[in-house]
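Everything below concerns the one structure shown next.
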There are 2 protein chains.
Amino acid sequence: MLTIGTLAKKTGTKVQTIRYYEQIGLMPEPGRTEGGQRRYGDAELDRLSFIRHSRQLGFSLDAIRELLDLSDHPEKSCDEADAIARRQLRQVEQRMARLKALRTELKRMVHECSGGRTADCRVLEVLRDHSECLTEHDDIGA
Amino acid sequence: MLTIGTLAKKTGTKVQTIRYYEQIGLMPEPGRTEGGQRRYGDAELDRLSFIRHSRQLGFSLDAIRELLDLSDHPEKSCDEADAIARRQLRQVEQRMARLKALRTELKRMVHECSGGRTADCRVLEVLRDHSECLTEHDDIGA
DNA sequence: GCTTGAATCTACAGTAGCTAGAGGATGTAA
DNA sequence: TTACATCCTCTAGCTACTGTAGATTCAAGC
């Protein structure tokens, strides 16, 4: 039986985060000691590892909820899990493309900085001037 | 004189967002009509454009605050603005490297999916198994 | 001058995914 | 038994917005 702290260490999660996952129903309510402290078993360790690994791959908590549900029903078709993963892959690729454009513009800004007074600063000038900008108007999203 | 709605359209910002920027002190309190509606001039248009462009490049509101401050003092040295931009560039590069690793793993997951039952699903299996994972334990950050 | 309808106002709540702190109870080793 | 790390609940805070409710204002058309 693991305390919440041990579980936290084993999975690289903060204690608060585990309680948060319980609160939103992503982790089940565990057993308790007489004094009311949580005690976890291997099933919970596996589940939390799954969650954390998925988070590291950028899946949203909602997506993880779906994946966990699929994982709980081995007789279901694999298609859904595959679709979720593909969606995630598309998102990652979109973000990469976006970051690439940002990097280009940032590099341009930085390399052209003369090192003088801010009055002549290329960094600020580029930020002021939208016209030679590659990025679109909407969807700032991280 | 521009209404808040016109300013919003011109800069690709939501009206609420402009009011939010005012609330946190990023935009100045504008003049008002007798009835209490906000009216903006060109200075505000420029400032908001600067903010939005910076946001599109991924700068945090705090960083933008610094940049605006520098921009307001043309006699200051350019070094600081350059440092902020370089910091941002580093962040973008880190994120890209991270996304690249994620993409690799996601691709592996997706390509190996057999299309059968979830019991044999590679996607779920990979998420369950942390051992062959490239990503580190901490810093999930977007 | 009057009406209509779009735009604006304030204030507050909600989003994701946690994180931090207060103030008190519990568990365990010496 | 005592010390002290860890645990408990509850609440508030973070970033950067977004959405809603209900009331008011503005500008155009008649």
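A note on names: the letters A, B, ... follow the listed sequences, proteins ahead of strands, and every chain is numbered from 1.
- For the pair B:K14 NZ and D:dG19 C1', the interatomic distance rounds to 9 Å; values are reported in whole Å.
- We find that CZ of A:R32 is positioned 12 Å from P of D:dC7, with the value rounded to whole Å.
- Taking only side-chain nitrogens and oxygens, B:T33 comes nearer than 4.0 Å to OP1 or OP2 of D:dC26.
- Separating the CD1 atom of A:I51 from the P atom of C:dA16 is a distance of 16 Å, rounded to the nearest angstrom.
- Atom CD1 of B:I18 is separated from atom P of C:dA7 by 14 Å (rounded to the nearest Å).
- Not a single donor-acceptor contact under 3.5 angstrom links the side-chain atoms of B:Q16 to the base of C:dT8.
- Here CG of A:L99 is found 12.0 Å from CD of A:Q94. Values are rounded to the nearest 0.5 Å.
- Separating the OH atom of B:Y20 from the P atom of D:dG19 is a distance of 15 Å, rounded to the nearest angstrom.
- At whole-Å resolution of the value, CG in A:L61 and C1' in C:dT15 are 12 Å apart.
- Nearest heavy-atom pair, B:L67 versus A:L127, reported as atom, atom and distance to 0.1 Å: CD1-CD1, 3.6 Å.
- Side-chain N/O atoms of A:T17 include none lying less than 4.0 angstrom from OP1 or OP2 on C:dG17.
- A salt bridge links B:R86 to B:D82: at least one charged side-chain nitrogen sits closer than 4.0 Å to a carboxylate oxygen.
- Taken from NZ in B:K9 to CG in B:L2, the straight-line distance is 11.5 Å, to the nearest 0.5 Å.
- Residues from residues 35-48 of chain A that place a heavy atom under 4.0 Å from any atom of DNA chain C, listed by number: A:G35, A:Q37.
- A close approach under 4.0 Å does occur between a side-chain nitrogen or oxygen of B:R52 and OP1 or OP2 of D:dC17.
- B:I24 comes within 4.0 angstrom of nothing in the nucleic acid, heavy atoms only.
- In this entry the distance linking CZ of A:R19 with C1' of D:dA12 reads 16 Å, nearest Å.
- Note that the CZ atom of A:R32 and the CZ atom of A:R38 stand 4.0 Å from one another [nearest 0.5 Å].
- In this model, the phosphate group of C:dA16 is not approached by any side-chain N or O of A:S60 to a distance below 4.0 Å at OP1 or OP2.
- Separating the CG atom of B:L2 from the C1' atom of D:dC26 is a distance of 16 Å, rounded to the nearest angstrom.
- For B:R55, a side-chain nitrogen or oxygen approaches OP1 or OP2 of D:dC17 to under 4.0 Å.
- Distance check, rounded to the nearest 0.5 Å: CG of A:L124 to OG of B:S54 gives 8.5 Å.
- Remark: A:E44 engages no residue in a side chain to side chain donor-acceptor pair (under 3.5 Å) (not counting sequence neighbours).
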